[in-house]
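For reference, the structure discussed in these notes is given below.
Hydrogens, waters and symmetry mates are skipped; everything else that's a heavy atom, side chains included, is used. By convention in this document, chain letters (A, B, ...) are assigned in the order of the sequence lines, proteins followed by strands, and residues within each chain are numbered from 1.
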Amino acid sequence: MIDLELIRREPEKVEANLARRRNPDYLRLLTEARAADAQWRSALRVADNLRRRRNELSHRMAEARGQGGPSPELTAEAKSIPDQLKTTEAGERELRKTRDALLRRLPNLLDDSVPYGKDDSENVVVATWGTPRPGGVGLRSHGELLEALGMGEFERAHRASGSGFYYLSGPFVLLDLALQRFALDLLVSRGFTPVAPPYMLRREPYEGVTDLADFENVMYKVEGEDLYLIATSEHPLAALHMGEILDEDTLPIRLAGVSMNFRKEIGGHGVDQKGIFRTHQFSKVEQFVFCRPEQSPEILEELRTNAEEVFRRVEVPYRVVNVCTGDVGTVAAKKYDVEAWFPRQQAYREVVSCSNCTDYQARRLGIRLGKAGRPEKSVPHTLNSTAVATSRALAVILEQYQRPDGSVTIPEVLRPYLGGMAALNPPSQGAPDPGPARTRRRPAPSRQGK
RNA sequence: GCUGAGGUAGCCUAGCCCGGCAAGGCGCCAGUCUUGAAAACUGGUGGGGUUUCCCCACGGGAGUUCGAAUCUCCCCCUCAGCGCCA
């Protein structure tokens, strides 16, 4: 949420900033919000005056109590007030709600360094690393490859849970865990505290961290409960300090969230037919930081460096883009995407999103800055960045590291987490097909010591 | 799920039974004093508004009343015990 005081004090500045997002709806929202605010203020004055009169009268009635009781005139006026107040207050409340609803729909103010542009085609490449592997005739998609390896089940998953779900199995599961552990170790070495957050949040904190459209398009709601499955651990990590006053001396707070994430993925490009690039659930190690306002630009670069480091060490070529004004999300003031090179697709595709949300989330969540016993009006900044979303990272690894014989080399840096395993190998061709696992009868375990 | 206890300002607490300006302590800020600090003393320390003043705020909402932290009803959350449970 944008600071209302700033909107009142420097409306032109806010308007100019919102205009950079190239969505006229925002300017209209701003105009409506300002109008609603002005109306609310005048309604508030009327209500305040009525309440003031009510207070005067009831004090006088209290005084008159010991002295023969209040006069009939006094009583009559006092009794006339509640009805007037009721309608006035209802109007005032309505205006305030309208104003606040409008304010909440306004996106964050953009940082000046965000390039001006209409959509993702105008994002600006700010860094590239590695040499993109050339495409080849035999290159297989990561989904096909997984099936051939016998380590991914898509049709069965679709039957059981619907499209957008998958079964992973065998060494690939270990590779997934290895990647998470590798990223986590990297973050811990850089001062992050690992956090395993709740996978469900109530609506109230959720409204603090995301925009309303997400409730429709992204989040799964638990039926009959005020709970939503998290779309990213960013959300519960932000809510961790909801309603608190953060001691400035303890900042920045660096957290490494580890969680499964759940997304409906309605709209957009939908889920892929086969594979794990865009799915309804995926694992992610996330960087999240609470900091003082002046620290956030520097920390954004820090988070970006960490995310790049993951892909460098795994040796996957990538580039970094500074996301342009028309493409930055609602809550971010500035965002970098890391895009990895997918050799079969011959394209860079997003694997990391790294955002500075400035005070937008923190204000909505009621988080303030302060020192012991001295809360301040100022609000901390929050930042978040993927360290590694394993589904996407594994997809790119499969494309990048596949070999003509259908096996996949395991990146050097992950091998220590896999007991030295160097490759994912397809089922050996010479060996006889073991067929479905035989049901073995085991003797019922004897129950001793009972 | 059941039963009980709770939710008051940055924190802790009183007020609730029996309606009449939210009291006190801690912390914090400022001032006096001091070479400096501590202590002591004095004042301040939630949000809003058209700011010498006024309004709001006691988990949220509705109701009763001239007047509600206080009475009534509904809801939310936390804690404890019990139940269920990997």
Side-chain angles (χ1 to χ4, degrees), chain A residues 1-9 11 33-104 196 198-208 221-228 236 239-251 253 260 290 292 359 362-380:
Chain A
M1 191 157 58
I2 303 176
D3 184 8
L4 176 58
E5 273 181 54
L6 181 67
I7 294 177
R8 286 173 179 168
R9 205 171 54 238
R34 291 184 62 205
D37 185 46
Q39 285 176 48
W40 169 76
R41 288 218 236 185
S42 68
L44 181 67
R45 206 178 74 221
V46 176
D48 273 1
N49 284 334
L50 265 174
R51 282 190 281 248
R52 170 198 199 156
R53 183 66 182 155
R54 178 193 64 189
N55 292 345
E56 278 171 18
L57 293 173
S58 66
H59 289 149
R60 275 209 261 153
M61 291 189 64
E63 280 163 21
R65 211 164 32 141
Q67 301 148 28
S71 68
E73 296 79 26
L74 187 57
T75 309
E77 188 183 356
K79 282 186 190 253
S80 77
I81 295 221
D83 274 351
Q84 299 177 58
L85 238 187
K86 210 170 182 176
T87 49
T88 314
E89 277 182 333
E92 183 242 288
R93 228 186 349 259
E94 209 45 52
L95 284 165
R96 196 183 58 226
K97 272 193 201 160
T98 303
R99 178 196 71 186
D100 290 348
L102 289 165
L103 280 177
R104 297 182 76 86
Y199 285 13
M200 301 178 207
L201 283 184
R202 291 190 187 127
R203 175 123 191 163
E204 190 202 342
Y206 236 119
E207 284 182 350
K221 168 97 172 70
V222 178
E223 192 179 2
E225 306 274 343
D226 177 27
L227 287 172
Y228 295 82
L240 177 64
H241 291 300
M242 178 172 67
E244 294 182 25
I245 292 154
L246 298 184
D247 187 330
E248 290 167 314
D249 294 340
T250 68
L251 300 178
I253 297 171
M260 190 56 80
F290 295 95
R292 296 199 301 269
D359 59 4
R363 178 170 294 108
R364 284 191 179 195
L365 287 167
I367 304 173
R368 287 175 288 170
L369 279 172
K371 283 193 178 165
R374 186 156 49 106
E376 287 174 11
K377 228 178 165 181
S378 60
V379 170

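- Nucleotide B:rC21 holds its P atom 19 Å from the CZ atom of A:R53, rounded to whole Å.
- Residue A:P82 has its side chain nearest to B:rG67 when only B:rG48, B:rG67, B:rG20 are considered.
- Following rounding to the nearest Å, A:W40 (CH2) and B:rG48 (P) show an atom-to-atom distance of 9 Å.
- Looking at heavy-atom distances under 4.0 Å, A:N55 makes contact with sugar-phosphate atoms alone, never a base.
- Computed from coordinates, the A:E77 CD to B:rG67 P distance equals 13 Å when rounded to whole Å.
- Contact annotation: A:R51 side-chain N/O to B:rC66 OP1/OP2 distance is not under 4.0 Å.
- B:rC12 sits 32 Å from B:rG63 when the P atoms are compared, rounded to a whole Å.
- Nucleotide B:rG81 has B:rC2 as its partner under the Watson-Crick or G-U criteria, with both atom distances under 3.5 Å.
- For A:R93, the listed nucleotide lying nearest its side chain is B:rA62; candidates were B:rC55, B:rC21, B:rA62.
- Contact annotation for A:L57: no contact, since no heavy-atom pair falls under 4.0 Å across all strands.
- Take A:I7 and apply the side chain to side chain contact (heavy atoms under 4.5 Å, CB included) test, not counting sequence neighbours, and it matches A:I2, A:V14, A:L30, A:R34, A:L103, A:L106.
- Note on A:K79: every side-chain N or O is 4.0 Å or more away from OP1 and OP2 of B:rG67.
- Protein atom CG of A:D226 is 11 Å distant from nucleotide atom P of B:rU78, rounded to whole Å.
- One interatomic measurement links the two molecules: NZ of A:K86 to P of B:rA62, which rounds to 10 Å at whole-angstrom precision.
- Across all strands, A:R202 comes closer than 4.0 Å only to sugar-phosphate atoms, never to a base (heavy-atom distances).
- For A:R54, whose side chain is taken as the heavy atoms from C-beta onward, the closest listed nucleotide among B:rG48, B:rG67, B:rG20 is B:rG67.
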